[in-house]
Amino acid sequence: MSTQPKTFITPEQYLEIDRKAEYKSEYLNGEMFAMSGGRAPHNIIGWNILGELRDQLRKRPCVAFTSDQRVAVAATGLYTYPDVAALCGEPKFLDETQDTLLNPSLIVEVLSPSTEAYNRGRKFAHYQKIESLSEYLLVASEEMRADLFRRMPDGSWKLIWAEKPEDVLELNSIGCRLGMADIYEKVKL
């Protein structure tokens with residue numbers, strides 16, 4: 001039985017391929033991983049969060065990015081596309097193409113059964129290495145639940161969760177509030 005050897009590529013090769021591709025891929029340790037699209041609840045939740053952030057950030061020196069904005073974790077070499085990334089202040093990019101963000105202060109991932117373990121585990125471990133990141137929000141797509149991880153001054157992470165329509169999450173990193181009823185508006189669970 002023979003096995004094909006894996007072909008490893010450099011980050012520069014990945015960026016060249018990904019920038020021309022018709023689909024998005026993550027990159028880590030020399031390998032590219034194609035990303036699949038989300039189902040309706042996933043997409044509506046992401047849209048709702050972006051809409052709320054847009055309304056609250058529009059007259060401030062802050063910005064929120066869609067899932068088309070690549071984020072690089074310089075310390076680990078992960079390149080990925082979170083569902084939402086946001087920051088206040090000047091965005092820093094990998095290069096002049098401005099398609100790879102280096103300094104998000106908030107990252108949001110909408111969970112699906114196939115991505116939940118990765119987003120809570122290994123991906124979160126990578127994200128924790130982003131010095132600018134102070135909040136990581138995980139939002140369920142199959143039930144009303146959001147877990148907000150906030151970096152504390154000692155470097156530990158505190159969990160704040162919400163699961164009722166009247167609950168509100170305070171996003172200190174960008175000075176915004178997200179109500180659970182707003183996050184799940186028009187979502188059929």
Side-chain angles (χ1 to χ4, degrees), residues 23-50 52-53 64-87 100-165 167-174 176-184 187-189:
Y23 56 88
K24 298 182 282 191
S25 295
E26 288 190 344
Y27 171 86
L28 181 64
N29 297 329
E31 294 185 78
M32 287 179 68
F33 306 92
M35 297 178 67
S36 62
R39 296 181 315 169
H42 182 283
N43 293 327
I44 295 168
I45 290 166
W47 178 260
N48 288 344
I49 291 169
L50 278 165
E52 289 297 313
L53 296 182
F65 296 94
T66 70
S67 62
D68 286 332
Q69 182 67 58
R70 186 185 308 109
V71 169
V73 183
T76 68
L78 175 68
Y79 290 79
T80 188
Y81 291 88
D83 291 304
V84 177
L87 64 106
T100 307
L101 182 67
L102 301 174
N103 67 328
S105 56
L106 168 71
I107 289 179
V108 179
E109 294 285 8
V110 180
L111 304 174
S112 65
S114 64
T115 64
E116 183 167 2
Y118 175 56
N119 286 328
R120 287 187 181 281
R122 289 186 315 173
K123 197 170 198 181
F124 186 28
H126 285 281
Y127 284 158
Q128 290 177 48
K129 304 287 188 199
I130 301 173
E131 289 183 24
S132 61
L133 187 70
S134 58
E135 290 178 317
Y136 181 46
L137 178 60
L138 297 171
V139 181
S141 64
E142 296 193 331
E143 66 176 325
M144 184 175 282
R145 172 143 182 132
D147 294 337
L148 176 62
F149 294 89
R150 180 172 294 141
R151 191 188 309 255
M152 304 309 291
D154 67 358
S156 65
W157 291 83
K158 176 182 178 182
L159 170 62
I160 302 155
W161 71 90
E163 55 190 4
K164 296 182 289 211
D167 290 345
V168 175
L169 292 165
E170 301 283 343
L171 302 176
N172 296 346
S173 61
I174 56 172
C176 292
R177 297 167 50 100
L178 287 177
M180 293 295 280
D182 297 323
I183 290 172
Y184 287 93
V187 175
K188 293 182 177 152
L189 298 173

Please tabulate, for side-chain N and O atoms in residues 155-165, each donor-acceptor pair with protein atoms closer than 3.5 Å (sequence neighbours left out).
unit_1: Ser156; atom_1: OG; unit_2: Asp154; atom_2: OD1; d: 2.6
unit_1: Trp157; atom_1: NE1; unit_2: Gln128; atom_2: OE1; d: 3.3
unit_1: Glu163; atom_1: OE1; unit_2: Arg145; atom_2: NH1; d: 3.3

So Ile49 and Asp83, do their side chains get closer than 4.5 Å, heavy atoms only? no
Do NZ/NE/NH1/NH2 and the carboxylate oxygens of Glu170 and Arg150 come within less than 4.0 Å? no
Not counting sequence neighbours, which residues clear side-chain contact (heavy atoms from CB on, under 4.5 Å) with Ser105? List them please. Leu87, Ser134, Ser173, Ile174
How about Phe33: does its CZ atom have over 12 heavy atoms from other parts shown lying under 6.0 Å from it? yes
Apply ring-ring contact (aromatic ring centres under 6.0 Å, His included) to Phe149 and list each qualifying residue two or more places apart in sequence or on a separate chain. Phe124
If only atom types and distance count, is the side chain of Tyr118 paired as donor or acceptor with the main-chain N or O of Gly121 below 3.5 Å? no
Among residues at least two apart in sequence or on other chains, which ones pass salt bridge (Lys or Arg N to Asp or Glu O under 4.0 Å) with Lys24? Asp68
For Val187 and Pro41, work out which heavy atoms get closest and say how close. CG1-CB, 3.9 Å
Side chain to side chain contact (heavy atoms under 4.5 Å, CB included) between Val108 and Leu50, worked out: CA-CA 10 Å; Val108 179; Leu50 278 165; over 6 Å; no
To the nearest 0.5 Å, how far apart are NZ in Lys188 and CD1 in Ile44? 8.0 Å
Hey, what do you get for CD1 (Ile45) to CG (Leu111), rounding to the nearest 0.5 Å? 9.0 Å
To check you understand the geometry: which heavy-atom pair defines the closest contact between Ala72 and Leu102, and what is its length? CB-CD2, 3.8 Å
Between Leu137 and Leu178, what is the shortest heavy-atom contact and its length? CD2-CD1, 3.8 Å
Of Leu101, Leu138, Ile130, which meets side-chain contact (heavy atoms from CB on, under 4.5 Å) against Ile107? Ile130
Got a second to check how far Glu135's CD is from Cys176's SG, nearest 0.5 Å? 10.0 Å
Leu28 side chain near Val73 side chain, heavy-atom distance below 4.5 Å: no
On a heavy-atom basis, the closest approach of Glu143 and Tyr184 is O-OH, 3.1 Å
The criterion is ring-ring contact (aromatic ring centres under 6.0 Å, His included); which residues satisfy it with Tyr127, sequence neighbours excluded? Tyr136
Closest contact, heavy atoms only, Leu78 versus Glu26: CD1-OE1, 4.4 Å
Residue pair Thr80 / His126, side-chain heavy-atom distance below 4.5 Å: no
How close do Tyr79 and Gly77 get, heavy atom to heavy atom, and via which atoms? CD1-O, 3.4 Å
If you round to the nearest 0.5 Å, how far is CZ of Arg151 from OG of Ser132? 8.0 Å
Mind checking the CZ-CG spacing from Arg177 to Leu53? Nearest 0.5 Å is all I need. 13.5 Å
My understanding is that only residues two or more places apart in sequence, or in another chain, count here; which of them pass salt bridge (Lys or Arg N to Asp or Glu O under 4.0 Å) with Glu52? none
